[in-house]
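Read through the structure below, which is laid out as C-alpha cells, and then see the notes.
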Amino acid sequence: MIEHAYLIPLIPFAASLIMMFGAKEDPHSPAPWIGVAAMAVCLGISLSILSAFASGAVPGGVYERNWPWFSFAASFAGRPFVYDMPVGVLIDGPVAILLVVVTLVSLMVQIYSIAYMHDDTRYKRYFAFVSFFTASMLGLVVSSNLLVAFMSWELMGLASYLLIGFWFEKDGPTEAQKKAFMTTKLGDSGLYLALLFLFAKVGSFQLTQIHQFYDKGYMPAAAACAIAIGILFGAMGKSAQFPLFIWLPDAMEGPTPGSALIHAATMVAAGIFLVARTYFCFLAAPDVMHAAAWIGFATAFLAASMAFVSYDIKRVLAFSTVSQLGFMMCALGVGVTRRACFTSRPMPSSKPCCSSARAP
C-alpha cells in the first residue's frame, strides 16, 4: 500500500471539495459521513504503511517517489538554467507514525463532531473545513518537495483561520482568528525567505538533494545559519513558541472539536515536524540549535506558569499544549532526535531535479 501514499492527502482534499460544493447546507445532512469515510480510508492506508516499516519491508527504511510537475528556464550569473520541479512523497519511520496519529485523531474528531455540531446552521461547511485542514497537514507530512510542503503549510494556516473564526457572529472568534493569522504569518515570512535562500544556494527544493548538498559540505556556514534561523522562525509561529505563542490560547474560541484538532495532531505540531524534517540544516548551524533549545525552554516555563493563573479550562489546556511544544522544541535544540530522525541517515540517491543544483 505504500505506493499509494500519495492518496493520503488527496482523499480528504477531494472530500472537502465534495462537501463544500456538492452538498446542501442542512443541520441534518449526511455529508459529514463523506469526511469520516475518507479519513477511515486514509487511516487504513497509514496503518498499512506503518506495518510495512515495522516489518522491514521498505528497503533502506526510506520510501521516495516523484512525478514531474513543471519546468521553467532562468539565468544565474549570466548562464541559462532549466529547472525541472517534481512533486512526490518521502516517507520514513517517523513520518509513517505521524501519518497514523494525524489520520486517527482527525477521524475521532470528525466522528465526535457529528453530534457536537448537529444543530449548527453551517453544519457541512464545518466538516469541509476540517477535511481541508487535515489534507493540508498530511500534504506537509508526506511531501518530498519543500515548495509543496510550504504550500500545504500556508493552506493549513488558511484552514485554521476559517475554523477559529467559524462562529464569526461573535466578537471573540473574529478577533482570535485575526490574531492567529497575523502571528503565524509573521513567522511564515521567515520560513519563506529561508526557502528562497535555500533554493538560491542549492538549486532544488527536493529534500534528498538538499540533504546531499549539506552532507558534502557545500553549504557555507553563514548561509546555513541564516537558513536555519528562517526555518526556526516559521516553526516558532506555527508551533506557538515564545514570543509568538500569543495566538494559541485565543484559538480556543472556535468549535471545541476543531480546537482539539488544531491542538492535538495538526497545526501546532507542524512547526516541530518541520524542524525535525530539516534537521540537517540545524546540525550545520549549532548556534541556531542552542537558540531553539532556549526558546523551547522559555516557552515551556512561561506557558506552564500562565496556566496556573488561568480560570478558563480551555485556556489551561491551550497553555498546556504550548508548554509541551516547548519541551519538544527544547529536545530538538539539544539534539535528542538526531538519531531518531530520518534526516540524520544517508538519503537515497536520486538524479538532480534541475541542472542548477550546484556546488559553490
Side-chain angles (χ1 to χ4, degrees), residues 8-43 101-141 151-170 172-185 188 238 240 247-248 250-270 314 318 321:
I8 296 178
L10 294 180
I11 291 175
F13 180 70
S16 68
L17 294 179
I18 292 172
M19 285 186 285
M20 178 61 72
F21 301 108
K24 294 182 179 180
E25 194 66 88
D26 184 352
H28 303 288
S29 170
W33 290 104
I34 298 174
V36 172
M39 221 61 253
V41 172
C42 293
L43 177 59
V101 172
V102 173
T103 53
L104 178 61
V105 171
S106 181
L107 176 62
M108 296 296 102
V109 166
Q110 292 193 50
I111 292 174
Y112 179 80
S113 297
I114 291 175
Y116 187 90
M117 301 292 292
H118 74 283
D119 286 329
D120 198 276
T121 56
R122 294 183 295 275
Y123 187 56
K124 63 99 176 179
R125 189 180 305 183
Y126 167 81
F127 285 91
F129 291 165
V130 170
S131 290
F132 181 65
F133 190 99
T134 307
S136 301
M137 179 62 184
L138 292 172
L140 169 67
V141 171
M151 293 168 59
S152 300
W153 180 279
E154 293 300 320
L155 290 175
M156 188 166 31
L158 171 62
S160 68
Y161 175 84
L162 297 173
L163 282 173
I164 294 169
F166 185 76
W167 288 321
F168 53 81
E169 301 90 346
K170 306 175 183 177
T174 303
E175 295 300 321
Q177 70 175 171
K178 288 190 290 186
K179 179 185 285 189
F181 188 81
M182 290 187 291
T183 305
T184 55
K185 292 309 113 179
D188 292 353
K238 197 72 77 177
W247 67 269
L248 191 55
D250 292 334
M252 302 300 284
E253 292 287 346
T256 299
S259 299
L261 186 64
I262 292 173
H263 285 239
T266 49
M267 181 169 174
V268 294
K314 293 178 70 174
T321 300

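This structure is a prediction, so every number in the text was calculated from the model and none was measured.
- Val130 places none of its side-chain heavy atoms less than 4.5 Å from the side chain of Ser113.
- Between Phe133 and Phe129, the distance separating the two ring centers is not shorter than 6.0 angstrom.
- A pairwise comparison of heavy atoms in Pro32 and Tyr123 identifies CG-CE2, 3.4 Å as the closest pair.
- Residues Ser152 and Gly139 come closest through the heavy atom pair OG-C, 3.6 Å.
- Between the CG atom of Leu17 and the CD1 atom of Ile34 there is a distance of 11.5 Å, given to the nearest 0.5 Å.
- Taking the side chain as every heavy atom from C-beta outward, Ile111 and Met108 approach each other to under 4.5 Å.
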Please evaluate residues Glu253 and Lys178 with respect to the criterion salt bridge (Lys or Arg N to Asp or Glu O under 4.0 Å), reporting the C-alpha separation (whole Å), side-chain torsions for both, the decisive distance (0.1 Å), and the verdict. CA-CA 12 Å; Glu253 292 287 346; Lys178 288 190 290 186; over 6 Å; no
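- In this structure, Val268 and Trp247 approach most closely via the heavy-atom pair CG1-CH2, 4.0 Å.
- Separating the CG atom in Leu162 from the CD atom in Gln177 is a distance of 7.5 Å, to the nearest 0.5 Å.
- Between the side chain of Thr183 and the main chain of Lys179, a donor-acceptor pair closer than 3.5 Å is present.
- Here OH of Tyr112 is found 14.0 Å from CG of Leu261. Values are rounded to the nearest 0.5 Å.
- Residues Trp33 and Ile114 are in side-chain contact: their nearest non-hydrogen atoms beyond the backbone lie under 4.5 Å apart.
- The shortest heavy-atom contact between Ile164 and Pro173 is O-CB, 3.5 Å.
- With rounding to the nearest 0.5 angstrom, the CD atom of Glu154 is 7.5 Å from the OG1 atom of Thr184.
- Of all non-hydrogen atoms in Gly35 and Ser131, the two that sit nearest each other are CA-OG, 3.9 Å.
- Using a distance-only test at 3.5 Å, with no hydrogens or angles considered, a donor-acceptor pair links the side chain of Tyr126 to the main chain of Gly258.
- Side-chain contact between Thr103 and Leu107 is absent, with no heavy atoms from C-beta onward closer than 4.5 Å.
- Not a single donor-acceptor pair under 3.5 Å links the side chain of Lys124 to the backbone N or O of Ala31.
- Of the inter-residue distances, the one linking Glu169 atom CD with Thr174 atom OG1 reads 8.0 Å to the nearest 0.5 angstrom.
- Within a 6.0 Å radius of OH in Tyr116, more than 12 heavy atoms belonging to other residues, nucleotides or ligands are found.
- In this structure, the separation between OG on Ser160 and CG on Leu155 is 11.0 Å, given to the nearest 0.5 Å.
- The backbone N or O of Phe166 sits nowhere less than 3.5 Å from a side-chain atom of Arg125 that would complete a donor-acceptor pair.
- Trp153 and Ala270 make their closest contact through CZ3-O, 3.6 Å (heavy atoms, listed as atom of the first residue, atom of the second, distance).
- Side chains of Met137 and Val141 form a contact here, defined as non-hydrogen atoms less than 4.5 Å apart.
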